[in-house]
Amino acid sequence: MPCGEYFTDYESRMGLVRWRTQKIALALGLPIPFIAPFLLGGGTVTLLTQAYIFAIAVLGLNVILGYAGEIVLAQGAFMAIGAYSTSRLLAVGAGLFPALAVGGLISALVAVGFGLPSFRVKGFYIAISTLALQFIAEEWFFVNPQLAFIHGGTTQSVPSNVGLVGPVGALGTTIDKYLLALVLLLVFALLSLNLSRTGIGKTFRAIHENDLSASVLGVNVFKNKLLAFAIGGFMIGVAGGLFGFQIGFINAEYFTLGLTLEHYVMLLFGGLGRVWGALLGVGVVTLVQDYLNDGLNYLADLTGTNATALLPVFFGSIIIVVLAVEPKGVLAGLGKIKEYLRTWPFAY
């Protein structure tokens, strides 16, 4: 607790923003991302928009994996379901918000369906169930022209100018997409932070730590696992719809197992089960990946080799180093440094 600050009621003690320094930082820092698109170039704004969208997807993964402890290997499939569902609804003029909501709901229903094996199995076995969904979506469903009457076609153009609800509130510029992604990220981040403090979030944590002990204490483990799949699947589906709207078209090649592994890198790097860790991981990995792509493309032009193939090697090395040095992620490591500096040079 900062010196000179204390709580006189439980409401203040349990607040999301408790300390004076946090309130000052929030007041000074919150306007920055809203002002940034008017000061930055178009390429940077597009990159930040993608980072915000991926952050929503990683927050959904964090609910399933970080909170409830269920290993999911269908991140790309969930995003694809949300993207294709949103695209089809936008094509008939439903509006962006209804399309994103329906896309998220369909993704949540599919996530619950493939989470049903958690009634009998857990751990890596439930991961195989979700991996099956990834292969079905990536290798068969969305690339099958005979099923185009369902998904609308493997490659689709997403309308660039749409209304928020029907024709009302039209948006389509780069800044519009940036601000929309930022607002939705703030909403889902706030929901994730509050979820971890509710009874549902604490139940998820109990299941994560030891589902057998949670069951003995009266927790309906199966129901809460499915609830975690539904919440996380909804967030990931919304992120998929936003991603398709941002880039203007969708293809099954965008939602491969590689995207799932990329989001795992972001979550593990920042810190599993931590909202701020997920956001930190997405921000750092996205920026590093962008700079590495530029550098490797330049190297490829000089040497005539496929230097970009080294990118997965780099991120694989990051995972190994982070798990070896600080398994709880960079955010936990920064917390340890903060505590060390707070007590230095004394040990008490």
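Residues: numbered from 1 along the sequence shown.
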Start with the C-alpha gap between Ile128 and Leu73, add the side-chain angles, then the distance that decides, and say whether side chain to side chain contact (heavy atoms under 4.5 Å, CB included) holds.
CA-CA 8 Å; Ile128 297 302; Leu73 297 177; 5.8 Å; no
State which residues pass side-chain hydrogen bond (donor to acceptor under 3.5 Å, both in side chains) with Asn220; sequence neighbours excluded, sorted by chain then number.
none
Has the side chain of Thr155 got a donor or acceptor atom that lies under 3.5 Å from a matching backbone atom of Asn251?
no
Do Phe149 and Tyr84 land in one hydrophobic cluster if side-chain heavy atoms of ILVMFWY residues count as linked below 4.5 Å?
yes
I'd like a table of donor-acceptor pairs (distance under 3.5 Å, sequence neighbours excluded) in which one partner is a side-chain atom from residues 36-50, with atom names and distances.
{"from": "Thr46", "atom 1": "OG1", "to": "Gly42", "atom 2": "O", "distance (Å)": "3.0"}
{"from": "Thr49", "atom 1": "OG1", "to": "Val45", "atom 2": "O", "distance (Å)": "2.8"}

Is there a chain of hydrophobic side chains (I, L, V, M, F, W, Y, each step under 4.5 Å between heavy atoms) that links Tyr264 to Val321?
no
Taking the side chain as everything from C-beta on, heavy atoms only, tell me whether Leu171 gets closer than 4.5 Å to Asn161.
no
Dump the intermediate steps for side chain to side chain contact (heavy atoms under 4.5 Å, CB included) on Leu61 and Met235, then the final yes or no.
CA-CA 8 Å; Leu61 177 63; Met235 295 171 66; over 6 Å; no
Can you classify the ring geometry of Phe141 versus His151 as parallel (below 30°), tilted (30 to 60°) or perpendicular (above 60°)?
perpendicular
Joint cluster assignment, Leu226 & Leu109, ILVMFWY side-chain distance < 4.5 Å:
no
With a 4.5 Å cut-off on side-chain heavy atoms, are Leu227 and Val112 touching?
no
Verify, without hydrogens or angle tests, whether Thr198 (side chain) and Leu195 (backbone) share a donor-acceptor contact under 3.5 angstrom.
yes
Got a second to check how far Leu180's CG is from Leu185's CG, nearest 0.5 Å?
11.0 Å
Starting from Ile207, walk the hydrophobic network (Ile, Leu, Val, Met, Phe, Trp, Tyr; side-chain heavy atoms closer than 4.5 Å) and list everyone else you reach, by chain and number.
Val219, Val221
Working note: Phe229 + Ile64, criterion side chain to side chain contact (heavy atoms under 4.5 Å, CB included); need CA distance, chi angles, decisive distance, verdict.
CA-CA 6 Å; Phe229 273 102; Ile64 304 174; 4.1 Å; yes
Is a donor on one side and an acceptor on the other found under 3.5 Å between the side chain of Gln134 and the backbone of Ala77?
yes
Any side-chain heavy-atom pair from Lys336 and Lys328 closer than 4.5 angstrom?
no
Run the side chain to side chain contact (heavy atoms under 4.5 Å, CB included) check on Val238 and Thr86 step by step: do they pass?
CA-CA 8 Å; Val238 170; Thr86 301; over 6 Å; no
With rounding to the nearest 0.5 Å, note down the distance linking CD in Gln75 to CG in Leu259.
6.5 Å
Please answer whether the main-chain N or O of Leu193 pairs with a side-chain N or O of Ser196 as donor and acceptor at a distance below 3.5 Å.
yes
Without swapping roles, check the side chain of Tyr67 against the backbone of Ser192 for a donor-acceptor pair under 3.5 Å.
yes
Joint hydrophobic cluster, Met266 plus Val288, side-chain heavy atoms closer than 4.5 Å:
yes
Thr154 side chain vs Phe142 backbone, donor-acceptor pair below 3.5 Å
yes
About how many Å separate CD1 of Ile247 and CG of Leu242, when rounded to the nearest 0.5 Å?
11.5 Å
Would you say Ser107's side chain and Gly233's backbone share a donor-acceptor pair under 3.5 angstrom?
yes
Check the side chains of Asn224 and Thr203 for a donor-acceptor pair under 3.5 angstrom, ignoring hydrogens and angles.
no
Using modelled atom types only, decide if a donor and an acceptor are shared between the side chain of Ser87 and the backbone of Ala83 within a distance under 3.5 Å.
no
Atom OH of residue position Tyr125 - does it have more than 12 heavy atoms of other residues, nucleotides or ligands inside 6.0 Å?
no
I want to check something: taking the side chain as every heavy atom from C-beta on, are Val72 and Leu65 in contact at a cut-off of under 4.5 Å?
no
Compute the ring centroids of Phe243 and Phe54, then answer whether they are less than 6.0 Å apart.
yes
Is a side-chain N or O of Arg274 found less than 3.5 angstrom from the main chain of Gly329, in a donor-acceptor match?
no
Go through the steps for Glu138 and Thr256 under the test side chain to side chain donor-acceptor pair (under 3.5 Å), then give the verdict.
CA-CA 6 Å; Glu138 176 184 341; Thr256 63; 4.9 Å; no
Rounded to the nearest 0.5 angstrom, the CG-OG distance for Asn210 and Ser215 is 10.0 Å
Heavy-atom side-chain contact between Leu186 and Phe34 under 4.5 Å:
yes
Would you give the length of the straight line joining atom CG of Leu59 to atom CG of Leu190, rounded to the nearest 0.5 angstrom?
11.5 Å
Does anything in residues 35-51 pair up under salt bridge (charged side-chain N to carboxylate O under 4.0 Å, His left out), and if so which pairs, sequence neighbours excluded?
none
Approximate separation, where rounding is to 0.5 Å, of Ile106 CD1 and Arg88 CZ:
10.5 Å
Only pairs at least two apart or in different chains count here, so list each salt bridge (charged side-chain N to carboxylate O under 4.0 Å, His left out) that has a residue in residues 210-238.
Glu70-Lys225, Lys122-Asp211, Asp211-Lys225
Does a side-chain heavy-atom distance below 4.5 Å link Val110 with Phe114?
yes
Are Leu212 and Ile126 grouped together when hydrophobic residues (ILVMFWY) are joined by side-chain heavy atoms under 4.5 angstrom apart?
no
Residue pairs passing the ring-ring contact (aromatic ring centres under 6.0 Å, His included) test where at least one lies in residues 178-225, sequence neighbours excluded:
Tyr52-Tyr178, Phe119-Phe222
Any donor and acceptor pair, going by atom type alone, linking the side chain of Arg205 with main-chain N or O of Gly273 inside 3.5 Å?
yes
